[in-house]
Amino acid sequence: MDFELDQRPSAGIPPIDFRACLNDEQFNAVTAPPGPLLVLAGAGSGKTRTLTYRVAYLLSQGVKPGEILLLTFTNKAAKEMLHRVQDLTGIEPQRFWGGTFHSIGHRALRIYGEAIGLPRNFTILDAEESESLLKQTVEAEDKLFFKDKTNPRPGPLFDVLSLARNTQLSVVDTVKKNFPQYEEISHRFPAFATAYAAKKKEQNVVDYDDLLELWLRLLSEAPDVATYFAHRFRHILVDEYQDTNTLQAQIVDKLAGHHCVMAVGDDAQCIYSWRGADFENIMTFPERHPGTVIHRIETNYRSTPQILNLANGVLLAQPKGRHFDKELRAARGNSQKPFVVQAMDDREQAEFVLKRIRSLVEDDGVSLNEIAILYRSHFLALEVQLALSRAGVPYHITSGVKFFERQHIRDLVALLRFVYNPSDEQAWQRIAVLLPKIGEKGAQKIYAAARDHARLMQRNFIDVLTTDDVKSKVAKDAKPEWDSFCASLSQVAESMQNSRPSDCVETAIDGWYGDYLKGAFADYTDRLDELKALVGFAQRFEETQDFLAQIVLLNSETSDRHVEADAEAIKLTTIHQAKGLEYDVVFLIGLADGQFPGRRAIESGDVEEERRLFYVAVTRARNELYLCYPKVATRAGPGGMLLTPSRFILELPTDLYEPLRIKRSFGW
């Protein structure tokens, strides 16, 4: 059933001059006749403004607040939009159905879930409880599964099953595509998923993913409920539509049976496939919703024309027919072109960034808060963190903790510290508790037994770990791993006697801890890259003691200079975390092939999402943009590995940027 707008102004809504408040593109989208609408909102074009005014416009045309459904990806976004609507119209946010897909799904299930056999008094498990229930379920099926350290622990296993559910792919295909470290055992996961679902039903509980899965089932299997929703919501508005996963897109399709849906997004900013987002959702929207009218909002209020020219160059490099055509146009005046900066290696790249930042702050008066350093992966930011720390320049890492404070880095450093100095009980404690069923007290008992036995036998501490006297103190569940754990410590010890620190780090990664990492973290491959960056850092040292001391000193320096949340500081962040943000000056580092686009994307032959990520990065900059890459990857070995500039730079017309060569004195 189609609905027409009631053209009479709604009583109590103050008059709004939509024509004066919006540009032509925004106005056309905001006042578009009802029907399926796809609004392609380019970076910095006023997407939120368009959505907000669309809600206000519908209200002004007689649509009741309860007839509008606003779906967003964060509750913060929904609250912000609905509070802006209140400022425009005086209508309170609570009168709308607005919020995240999950929160609206919960609301629908709480009212109508009984139609699909879900009792009204169901409870929701948080992430920790979900993993705990999954652990119990798997152990009931196979009590030895989690005892193999290369098998995923409950957290990573839950991540695998969750991604499969949200993308509606089989568990086996999901593993093959996203978690290759578990491919050999992936055939076992479907049975675990089935048993976990049965256990939840038995306990009348749901997890976070169920709020989407069961909502879709409600709309699919309960015709009366589906009809109610189709008539209840005359207008559905979806924010950031390019980020929807398969479940979310199917929910929107079910709700939009009456065709009054407005999906707002940008195919060029679809960068979350690893989280389940499906690029095809936005590309096939017009096919799934016949009669779709497409509106393009391309006037950019953020960046200079020169930055946008480069951004448009990125879009033009996309394969034909695999994207919506768009061209960002600047509302601002001309300025300088972006710079492409070639550095010798990561260290020189970091020194350039530091020197340019000093000039921006001291000579140009740019605030530290308005400077961002963006990167594809955490390991690419190591040298920049070191350079800023040494120079005393305050910085916030908005996408995680500092490099040497990351959990897996601290684990590996503790292992190296212990091998270098077996009297370091704190280092022992950190690595020993990683073994199954060994807690702090258990670790202390093993340590005391080994220390006493080493003294008695006058042998090296590490050598006595495999003796029966020490093994008797090891928890039963840890014994299968004990030999490989001890062997790895011995190999690292031998490496320390005969090799450089970088070789010791590699030996540690290749041993027991590397296997532990595989089971402990779903993002194993990314963390492995970061551990390999530690190899590069170690290459600058001849002695293990200097390498380990420097890490402690660097951590102390950064800890001593704790930056208050509201203090001025440079922002260091991955591009994924920077989406939606903007800065006066952006440094994009590590722009070499194999780093960005990443090696795995190149090997799989699919770099399109990486190109979209590059587009997101360059459109964060308002005034100045620096695209930096090293010629040599120092972490590849003593001689380094020669790098080529990112293909994303090479495919751009050279008149879109200024090349900038760094002299040895860092002049330019």
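Being a predicted model, the structure only gives us computed values, none of them experimental. By convention here, the first residue in the shown sequence is residue 1.
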Task: Pair D266 + R612: basic N to acidic O under 4.0 Å - done: no
Open item on the list: Can you tell me if E128 has over 12 outside heavy atoms packed within less than 6.0 Å of its CD?
Closed with: no
TODO: For the residue pair Q250 and Q248, confirm or rule out a side-chain donor-acceptor distance under 3.5 Å.
DONE: no
Open item on the list: Among residues at least two apart in sequence or on other chains, which ones pass side chain to side chain donor-acceptor pair (under 3.5 Å) with T244?
Closed with: N281
- [ ] Identify whether NZ of Lys or CZ of Arg in R356 sits under 6.0 Å from the centre of the six-membered ring of F339 and within 45° of that ring's axis.
- [x] no
- [ ] Report yes or no: is the cationic atom of R622 (NZ for Lys, CZ for Arg) closer than 6.0 Å to the six-membered ring centre of Y301, at no more than 45° off its axis?
- [x] no
Task: Electrostatic pair R19-D24, nearest N-O below 4.0 angstrom - done: yes
- [ ] Using a strict cut-off of less than 4.0 Å between a Lys/Arg side-chain nitrogen and an Asp/Glu carboxylate oxygen, indicate whether R647 and E651 qualify as a salt bridge.
- [x] no
TODO: Ignoring hydrogens and angles, state whether a donor on the side chain of T174 or N178 is under 3.5 Å from an acceptor on the partner side chain.
DONE: no
Open item on the list: Taking E80 first and then R84, would you say they form a salt bridge - that is, a charged N and a carboxylate O separated by under 4.0 Å?
Closed with: yes
Open item on the list: Other residues, nucleotides and ligands only: do more than 12 of their heavy atoms fall within 6.0 Å of NZ on K337?
Closed with: yes
Task: K47 and D239 ion-paired at < 4.0 Å - done: yes
Open item on the list: Which heavy atom of N245 sits nearest to which heavy atom of G276, and what is that distance?
Closed with: CB-O, 3.1 Å
TODO: Name all pairs fulfilling the salt bridge (charged side-chain N to carboxylate O under 4.0 Å, His left out) condition that reach into residues 67-79, sequence neighbours left out, sorted by first residue then second.
DONE: E67-R234
- [ ] Determine the minimum heavy-atom distance between A522 and D159, stating which atoms define it.
- [x] CB-OD2, 3.6 Å
TODO: Inspect the contact between D207 and R165 and indicate whether a charged nitrogen and a carboxylate oxygen are less than 4.0 angstrom apart.
DONE: yes
Open item on the list: Run the salt bridge (charged side-chain N to carboxylate O under 4.0 Å, His left out) test against D267 and tell me which residues pass, sequence neighbours left out.
Closed with: K326
- [ ] Could you tell me how the ring of F614 sits relative to the ring of F648: parallel (under 30°), tilted (30 to 60°) or perpendicular (over 60°)?
- [x] parallel
Task: Residues H102 and D209: side-chain donor-acceptor under 3.5 angstrom - done: no
